[in-house]
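What follows is a set of notes on a single structure, which appears directly below.
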Amino acid sequence: MGVAYSVRGSPPANSVVVEIESDECCTCETLVGRTFNAGTPKPPFVIKSDAEWLTFVGEMAMLVRSYRREGIGFIFIPLMFIAIICFHPSFGPIAHLMVDNQVGTLFMMLLVMVSLAGLFAINFTGRQFNQKVDARINDLLRRTTLNSGANFVLCTAWTGTCKPKGARTYRALWISPAAVQAVVGEPVMQAMPVTQPASSMMLVTVPTGVKPGDPISILAPDGTQLQVTVPPGVQEGGQFHATIPTQPTATVVVPIQSGVAA
């Protein structure tokens, strides 16, 4: 029995998690592949109209349906065994019917090579296509995050072509409240110090052709270009959180307002 691998972290506090592709190895639920419920309700902290939310979930559902099945290239494995059984010069029934049963070796090798080529080609192209769908979903989530009061993130794990034994592909939509919320109420004549953090976290998507341990350049929110190293286990198309240093800490005095967070 293989060891279960996971490189994904935990969603932020108060997040809504909508699984697209579960990494559970054992479940009693019906196998339905990748799914996204177009009737997913809008979280209360998301600042979007009902029409905007319906448009978003509709686009998400359409993109999720466009994912291709992975692993169907294994249908070529039975063909490979049939070729060996039928055309092997020692015991193949078709090879024995030939004048020169060694000719069966040529047919056997040809079918085996075709089977292997089909196996790797279909599996590889399927994963490459699905990584492009991931990129389209990330673009949709970036646009949806703007002025929504929330962060929309596609969490992925092991979406690349190569992964260790026991590792399972995972995809999910994480919706979490934005870090800053407006406060409504009458201002109080009091102030409190607010210290800027020395660093922040940034979600980074691994570009195509990059493997764990490779350095990549990213653009911080303030426009600074930084270099980070892809952590172990995160393949191309996967995501990880990188620590982004901010400007030197400073103390800012802001008024405290009474009332309820909006």
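Here the structure is a predicted model, which is why all the values come from computation and not from measurement.
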Q: Before giving the answer on side chain to side chain contact (heavy atoms under 4.5 Å, CB included), spell out for Val230 and Lys211 the whole-Å C-alpha distance, their side-chain angles and the decisive distance to 0.1 Å.
A: CA-CA 7 Å; Val230 178; Lys211 61 182 182 300; over 6 Å; no
**Q.** Val57 side chain reached by Phe36 side chain, heavy atoms, under 4.5 Å
**A.** yes
Q.
With rounding to the nearest 0.5 angstrom, report the NE2 to CG distance, His241 to Leu203.
A. 4.5 Å
Q.
Could you tell me if the side chain of Val234 sits less than 4.5 Å from the side chain of Pro212, heavy atoms only?
A. no
(Q) Just so I know, are the side chains of Phe152 and Leu146 near enough to count as touching, which here means a heavy-atom distance under 4.5 Å? (A) no
**Q.** Thr55 (side chain) donor-acceptor with Ala51 (main chain) under 3.5 angstrom
**A.** yes
Q: Can you see which heavy atom on Pro177 is nearest to which on Phe45, and at what distance?
A: N-CE1, 3.6 Å
Q. Between Arg68 and Asn130, what is the shortest heavy-atom contact and its length?
A. N-OD1, 2.8 Å
**Q.** Reported SG-to-CH2 distance for the pair Cys155 and Trp174, which is rounded to 0.5 angstrom
**A.** 3.5 Å
Q: Answer yes or no: is there a side-chain heavy-atom contact under 4.5 Å between Ile20 and Met60?
A: yes
Q) What's the shortest heavy-atom distance between Thr40 and Trp53, and which atoms? A) O-NE1, 2.8 Å
Q.
For the CE atom of Met62 and the CD1 atom of Ile137, what is their distance to the nearest 0.5 Å?
A. 10.0 Å
(Q) If we count only N and O atoms by modelled type, under 3.5 Å, do the side chains of Gln131 and Gln235 hold a donor and an acceptor together? (A) no
Q: Determine the minimum heavy-atom distance between Leu141 and Val153, stating which atoms define it.
A: CD1-C, 3.6 Å
Q: Take Phe56 and Leu140 through the test side chain to side chain contact (heavy atoms under 4.5 Å, CB included) and record every step on the way to the result.
A: CA-CA 8 Å; Phe56 163 69; Leu140 171 63; 4.1 Å; yes
Q. Hey, does Val228 have a side-chain heavy atom less than 4.5 Å from the side chain of Ile216?
A. yes
Q | Glu236 side chain reached by Val210 side chain, heavy atoms, under 4.5 Å | A | no
Q: For the residue pair Ile218 and Met202, establish whether any side-chain heavy-atom pair is separated by less than 4.5 Å.
A: yes
Q: Enter the distance from Asn147:CG to Glu52:CD here, rounded to the nearest 0.5 Å.
A: 9.5 Å
Q. Rounded to the nearest 0.5 Å, how far apart are OG1 of Thr35 and CD of Glu19?
A. 8.5 Å
Q. Which pair of non-hydrogen atoms, one from Asn151 and one from Ala178, has the smallest distance, and what is that distance?
A. ND2-CA, 4.1 Å
(Q) If you define the side chain from C-beta out and look only at heavy atoms, does anything of Asn138 sit under 4.5 Å from Thr205? (A) yes
Q.
In this structure, is the centre-to-centre distance between the rings of Tyr67 and Phe129 below 6.0 Å?
A. no
Q: Taking all non-hydrogen atoms of both residues into account, name the closest pair between Ala172 and Val17 and its distance.
A: CB-CG1, 4.2 Å
(Q) Going by salt bridge (charged side-chain N to carboxylate O under 4.0 Å, His left out), name the residues that satisfy it together with Asp139, two or more places apart in sequence or in a different chain. (A) Arg142, Arg143
Q: Begin with the C-alpha distance, continue with both residues' side-chain angles, and end with the deciding distance and a verdict on side chain to side chain contact (heavy atoms under 4.5 Å, CB included) for Val206 and Phe240.
A: CA-CA 8 Å; Val206 180; Phe240 66 93; 3.8 Å; yes
